[in-house]
Student: 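The structure under discussion is supplied below as structure tokens; questions concerning it will follow.
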There are 2 protein chains.
Amino acid sequence: MDATRLPTLEDVARAAGVSRATASRVINGVRNVDPKLHSVVWDAVNATGYVPNRLARSLVTRRSGTIVLVVSDSETHDDDPFLGRFFADPYFGRVVGGLMKVLRVAGIQLALQMVGTAEQRTRLVGDLRHGQADGAVVLSLPASDPLPGMLTDAGVPAVLIGRPGEPVPINYVDLANETGAGLAADHLVARGARTIGMISGPPAVPAGADRIAGFRRAMARHGHGYVPLVSGNFTRESGEAATRDLLGRHPDIDGLFVANDLMALGAVITLRAAGRRVPGDVAVVGFDDSSAALAADPPLTTVRQPLEDMAAEAARLLLARLDDATMRPSSVIYEPALIVRGSA
Amino acid sequence: MDATRLPTLEDVARAAGVSRATASRVINGVRNVDPKLHSVVWDAVNATGYVPNRLARSLVTRRSGTIVLVVSDSETHDDDPFLGRFFADPYFGRVVGGLMKVLRVAGIQLALQMVGTAEQRTRLVGDLRHGQADGAVVLSLPASDPLPGMLTDAGVPAVLIGRPGEPVPINYVDLANETGAGLAADHLVARGARTIGMISGPPAVPAGADRIAGFRRAMARHGHGYVPLVSGNFTRESGEAATRDLLGRHPDIDGLFVANDLMALGAVITLRAAGRRVPGDVAVVGFDDSSAALAADPPLTTVRQPLEDMAAEAARLLLARLDDATMRPSSVIYEPALIVRGSA
DNA sequence: AGGGGGTTGGAGAGCGCTTTCCGAAGTGTG
DNA sequence: CACACTTCGGAAAGCGCTCTCCAACCCCCT
């Protein structure tokens, strides 16, 4: 198969009758090269079928043309099922889509890395410093994860999607989660719901915590000092379980805020199975405005999170940082919007 | 930030008082090294905070520890929306999940590459031959895509998910799509449906074509020589449009096979909006058994495609091929199963 | 005590590329 | 026509690592 050695720059140079250096200059479009040589070299490239060895190039330039998408593995390492869940979650796909939209036109590759153990974190940072990847986009981590600090300390270009747990001078893109949760609270109260519960995500993740805090704060403003709360893990199944739980403890519930659409979908299914009509008996507001919201019956009233835009912005931020190493960390916070559909 | 140069193997060797070669041997666990030196070297590694430069290593070993997931860009390059759709589709997530499950334990990274133009194909193959990635998993391509042949010709380890358009000696994992479509046909007929239509995927993709062929064949066996057919592109929206179209042309339809769940979801929504009850007036069978099937109301009767398992098998096949370059191309075909739920 | 076989560790040659440093040409001016 | 100045292309030094030789050494047997 690979009978012959791959053509190298040396071969091109020989074929073109110039030095390796000149060939390199032409191929990389560096100035200081006689225009006449241009075509000579390019012809040699085509004649030999030369493709640059990006590894070798990266080794010296310390630029790989690759961005790594870091996914926290900490919650997934014990129960395999969650791994599948995470990737199958529209959240992941929307982020990848948004990222690719920007990276593709910039000619940059995306690598995927799951990071859970301390050793993996060290290795990730090492790889980044070595130029194995030019930068990292880090998907919403548990607040306790030391990765953001490590990235900052290493001086590695990185952007978080979802704010860091501890304040750290690092780029990030986030949604005003508290505001979004407040929107949901306002809507449920305005609709006249009296007993309003919440199904949250994991409180250990900032996005989870912020939605809880925002919802509680807004509810308190409306005179509801106490909000029945059950936590899930952002999967539909956990939404179902949480709903059953909540229903058992507060059978009179007539309003429900669920911290993401997948769980909200589970909630709607469970509510209806329990004989409750949505929104007649229980009004449900979801979060994300993912494809799951439209799939539900009735379609979910939900808080829109423009994840694709956020991911694209993260990519842009990272690209800008790559161009200008002196760039100061900045954060972009998106405003959520309430999308009213059938469920509340 | 990166005040100091990163420690290199040279530094470790000096700290340990051995040669670079010996340090390398210890770190890579090569035999022929005095056990006493083991700890000396490892201590030096820890003391210096050494992390191997994988780029440099790959340059010489021609092994990168990376697998590239190739996604066809040909259909997406014109209309941006589809890009997002594709990644947000559970299909993509399930594949990534299945792949990661195997690759993670093997300590192998996953890179993502969209390939559309001839130049991108050439570059992809070049990168692979250069050892930028050890192998490729290629997601279901249009039948006309020349990539499988190029991969084979280059002698690059690769596995397709979804059979190649032209017979090519290459590894692939696929579902018995025709059988699956037949299952759907049998079920619809057995249920007593008289006028049965189909919403297909793009016929240009083998999986799309096979489901059409399988459905037609089975229907013909049941005496239905002609099957009303409208094509979609596997998105929910296209499922809605196709359903409206079909309904307009065949208002008496009472059975519908839809080539994936996302479109089936759209079909159910559209049917109900048109006043048809599912399954009362129209029985609907989907395909994939993705999360969308459970989200639908009623939950979708669907043909199960064990995509995670298929992807995992693809990864395993690739890994085996990496270990044994002489391995002959093989194919693994999974058998579909009909999952009966509420919609038919 | 001398030599054969087996281990062990070091020197050094690359892997394919970029890029600095220089010498050689080419250009214009006094 | 000589001189300073610019432009261009080549030689060669690495980037950090692996791995092939090969020299040195140890152990044991005769």
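Throughout, protein chains are lettered first and strands after them, A, B, ... in sequence-line order, and every chain is numbered starting at 1.
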Student: Tell me every residue that passes side chain to side chain donor-acceptor pair (under 3.5 Å) with A:Ser64, counting only those two or more places apart in sequence or in another chain.
Tutor: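 By the side chain to side chain donor-acceptor pair (under 3.5 Å) rule, A:Ser64 matches A:Asp134.
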
Student: Go through the structure and list residues passing ring-ring contact (aromatic ring centres under 6.0 Å, His included) with A:Tyr91, not counting sequence neighbours.
Tutor: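 Testing A:Tyr91 for ring-ring contact (aromatic ring centres under 6.0 Å, His included), a comparison that skips the adjacent residues, returns none.
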
Student: So for the helix from C:dA1-D:dT30 to C:dG30-D:dC1, with five pairs setting each end axis, what is the inter-axis angle to 10°?
Tutor: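 Axis-to-axis angle, ends of the helix: 50°.
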
Student: Roughly how many Å is it from CZ in B:Arg129 to P in C:dC15, rounded to a whole number?
Tutor: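 One finds 16 Å between P of C:dC15 and CZ of B:Arg129, rounded.
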
Student: Only pairs at least two apart or in different chains count here, so list each salt bridge (Lys or Arg N to Asp or Glu O under 4.0 Å) that has a residue in residues 110-120 of chain A.
Tutor: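 Every pair satisfying salt bridge (Lys or Arg N to Asp or Glu O under 4.0 Å) with a residue in residues 110-120 of chain A: there are none.
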
Student: For A:Ala136, enumerate each residue passing the side-chain contact (heavy atoms from CB on, under 4.5 Å) test, keeping only those at least two apart in sequence or located in another chain.
Tutor: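 A:Ala136: side-chain contact (heavy atoms from CB on, under 4.5 Å) contacts with A:Val68, A:Val70, A:Leu128, A:Val138, A:Ala158.
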
Student: Atom NZ of A:Lys36 and atom C1' of D:dG9: how far apart are they, to the nearest Å?
Tutor: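 Going from A:Lys36 (NZ) to D:dG9 (C1'), I get 13 Å.
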
Student: Treating primed atoms plus P, OP1 and OP2 as sugar-phosphate and everything else as base, which nucleotides of nucleotides 11-19 of chain D get B, S or - for protein heavy atoms under 4.0 Å?
Tutor: B-B-BBBBB

Student: Please confirm whether the backbone N or O of A:Val51 pairs with a side-chain atom of B:His130, one donor and one acceptor, at under 3.5 Å?
Tutor: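 Checking the backbone N and O of A:Val51 against the side chain of B:His130, a donor-acceptor pair under 3.5 Å is found.
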
Student: Using the test side-chain contact (heavy atoms from CB on, under 4.5 Å), find all partners of A:Ser331 that sit at least two apart in sequence or belong to another chain.
Tutor: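 Result, side-chain contact (heavy atoms from CB on, under 4.5 Å) vs A:Ser331: A:Tyr172.
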
Student: Restricting to side-chain contact (heavy atoms from CB on, under 4.5 Å), what partner residues turn up for B:Pro157, sequence neighbours left out?
Tutor: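 Here the qualifying residues are B:Leu318, B:Arg321, B:Leu322.
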
Student: Could you pull out all residues at least two apart from A:Ala106 that satisfy side-chain contact (heavy atoms from CB on, under 4.5 Å)?
Tutor: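 For A:Ala106, the residues satisfying side-chain contact (heavy atoms from CB on, under 4.5 Å) (neighbours in sequence not counted) are A:Ile108, A:Leu319.
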
